[in-house]
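A short worksheet on the structure shown next.
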Protein chains: 2
Amino acid sequence: MTVAENEINKTTKQNITPVVEDYLKAIYSLRQTGETVRTAALAVRLNVKPPTVTAMLKTLADLNLIRYEPYRGVELTESGEQIALEVVRHHRLIELYLVEALGFSWDEVHDEAEVLEHFISEKLEARIADYLGNPTHDPHGDPIPNLDGTLPETTANTLADFSPAAREVRVVRVRDQNPDRLRYLSEIGLVPQSTIKIVAAEPFDGPITIQISKKKIALDRQLARLILVEEMKG
Amino acid sequence: MTVAENEINKTTKQNITPVVEDYLKAIYSLRQTGETVRTAALAVRLNVKPPTVTAMLKTLADLNLIRYEPYRGVELTESGEQIALEVVRHHRLIELYLVEALGFSWDEVHDEAEVLEHFISEKLEARIADYLGNPTHDPHGDPIPNLDGTLPETTANTLADFSPAAREVRVVRVRDQNPDRLRYLSEIGLVPQSTIKIVAAEPFDGPITIQISKKKIALDRQLARLILVEEMKG
DNA sequence: TTTAAGATTTAGACTATACTAAATTTTGTG
DNA sequence: CACAAAATTTAGTATAGTCTAAATCTTAAA
Ligand SMILES: [Mn+2]
Ligand SMILES: [Mn+2]
Ligand SMILES: [Mn+2]
Ligand SMILES: [Mn+2]
């Protein structure tokens, strides 16, 4: 045997393929919702069938990137999370770079970043971060993980949680990556850093009406839940 | 059977993997030397063993990307060449972009481009080309294939072919991608567009002595063969 | 508390790309 | 022109990632 049997579980650079990175990223992102990360959710997210997920979960567990309890779900280990965060950093830096340096709009960057995140070198990552002045947020307001694997703290509520009583709020993040919806949102001026006023909130989970520079727009409550805002200070 | 048997030879986007692209690019580049492209040369270039090449050549022939005569070598078909040229275009645009927009030096860009060439979208390619003003040559003086798959014509001789009789020449291309040698060459000022004078050429394939802005430097004949130059007009 | 529906895993298979060892073809030398 | 050396292909195997069909586990409803 070429490799000793007690070495089979070692994580090497080689083992971290683009597919592995996407699984880790998916686990990380699904965990953000607070729920246990299950096979079915991963299958949907990653566009594969459940048995494919099960097979990969075993591989990831062998690499000590996740803790896996059959039938019960998974969670990232410390090293799994570090890799996930590094890939997320790549993704968000690339998104911002494409917008800032190459004139992409915020609805065009996701698919490009989804691929390139796996292939830029550490050197290119550094040059991009440097060019952008070590930014903390991407074009959607998503926080960019730091090099050390920490995340800029975000304290924001969703637009859906605010009542008309609230005064002006500032949009800080748009948690949507559907190109058509993103185009719609930027058309009405609802982008990170814009200021809006909440005009009305219909009961029974009805629409939220907001005002953006004179214009009133009714937003579906589901969509409003994806818009994170902060109260204006002062 | 899901796919009819008379359809097995169809080239689809799916079939064109990064590995396939690298084979086509390698065949294209080896062909430039004028010699028949053989299994052994491809194996060396692509860092795989000869049986691996044989297997892939069959696949490429099935996809109508090459003509393959067992034991006798291969050549690209029209569609194989188009794909090779497109990948070369990506490679060289990326190299130039990294130098122009992100401060890379010419010895750092090859490895990065070798990977990214397979993963940029057509949209990103277009934005990069646009940013660069639709350039015709990369940082090494290598011609960048046009969108239509044609190549800017280059008429240049190697430095090794010139005798001291020749007057000043302009460096137009450096056919080397070894980072250490490239650093050496840029240190002595031997880069595309620089002007040099040929001072001496030793017999028996000996060194060529050149002068670059007052300084005389002896260049190994092998290395001189990789430097393409043009006589200055006027 | 039983049981059926839903979720998940197991079993078995396939494709792409790689390898080593062995067989075969080509080529260059005597 | 014969034949050994070199080049190439064939044969058989491996790994990563995917699939479908079948088995098994979990859970929620009767
Ligand atoms: Mn990805
Ligand atoms: Mn984003
Ligand atoms: Mn490549
Ligand atoms: Mn080049």
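Residue numbers begin at 1 in each chain, while the letters A, B, ... track the order of the sequences.
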Exercise. Is any side-chain N or O of B:Y68 closer than 4.0 Å to OP1 or OP2 of D:dT9?
Worked result: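 True: B:Y68 side-chain N/O within range (under 4.0 Å) of D:dT9 OP1/OP2.
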
Problem set entry | B:K58 side-chain N/O to D:dT10 phosphate OP1/OP2 under 4.0 Å |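 Yes, within the criterion.
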
Name the nucleic acid region contacted by [X], choosing base, sugar-phosphate or nothing; use a 4.0 angstrom heavy-atom cut-off, strictly under.
X: B:P51; answer: base
X: A:T59; answer: nothing
X: B:T39; answer: sugar-phosphate
X: A:P50; answer: base

Exercise. If you measure from CG on B:D148 to CD on B:Q82, what distance do you get to the nearest 0.5 Å?
Worked result: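 It is 8.0 Å, given to the nearest 0.5 Å.
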
Take atom [atom1] of [X] and atom [atom2] of [N], then tell me their distance rounded to the nearest Å.
X: A:L65; N: D:dA16; atom1: CG; atom2: P; answer: 13 Å
X: A:E21; N: D:dA16; atom1: CD; atom2: P; answer: 16 Å
X: A:N15; N: D:dT15; atom1: CG; atom2: P; answer: 12 Å
X: B:Y71; N: D:dA5; atom1: OH; atom2: P; answer: 19 Å
X: A:L57; N: D:dA16; atom1: CG; atom2: C1'; answer: 15 Å
X: A:R72; N: D:dT26; atom1: CZ; atom2: P; answer: 6 Å
X: A:L63; N: D:dG17; atom1: CG; atom2: C1'; answer: 14 Å
X: B:K49; N: D:dA14; atom1: NZ; atom2: P; answer: 18 Å

With a 4.0 Å cut-off on N to O distance, would you call [X] and [Y] a salt bridge?
X: B:R181; Y: B:D220; answer: no
X: A:E81; Y: A:K25; answer: no
X: A:R89; Y: A:E125; answer: yes

Shortest side-chain distance from [X], nucleotide among [options]:
X: A:V20; options: D:dG17, D:dT8, D:dT18; answer: D:dG17
X: B:R38; options: D:dG17, D:dT10, D:dA7; answer: D:dA7
X: B:A40; options: D:dT8, D:dT27, D:dT10; answer: D:dT8

Exercise. When you list every nucleotide of DNA chain C with an atom under 4.0 Å from a heavy atom of chain A, which one comes first 5' to 3', and which comes last?
Worked result: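 Nucleotide range in contact with chain A: C:dT8 to C:dT10.
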
Problem set entry | Within 6.0 angstrom of B:E122 CD, more than 12 heavy atoms from elsewhere | yes

Exercise. Taking for each residue the nucleotide of DNA chain D bearing the nearest heavy atom, is the 5' side occupied by A:P70 or by A:T52?
Worked result: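 Whichever sits nearer the 5' end wins; that is A:T52.
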
Exercise. Ring pair (Phe, Tyr, Trp, His ring centres under 6.0 Å) between A:H140 and A:H110: does it pass, once the steps are laid out?
Worked result: CA-CA 10 Å; A:H140 312 98; A:H110 181 81; 7.6 Å; no

Problem set entry | Stepwise side-chain contact (heavy atoms from CB on, under 4.5 Å) test for B:N134 and B:N146 | CA-CA 9 Å; B:N134 298 301; B:N146 298 309; over 6 Å; no

For this session: Evaluate salt bridge (charged side-chain N to carboxylate O under 4.0 Å, His left out) for B:R183 paired with B:D180, printing each intermediate quantity in order.
Result: CA-CA 5 Å; B:R183 258 192 305 282; B:D180 290 327; 2.6 Å; yes

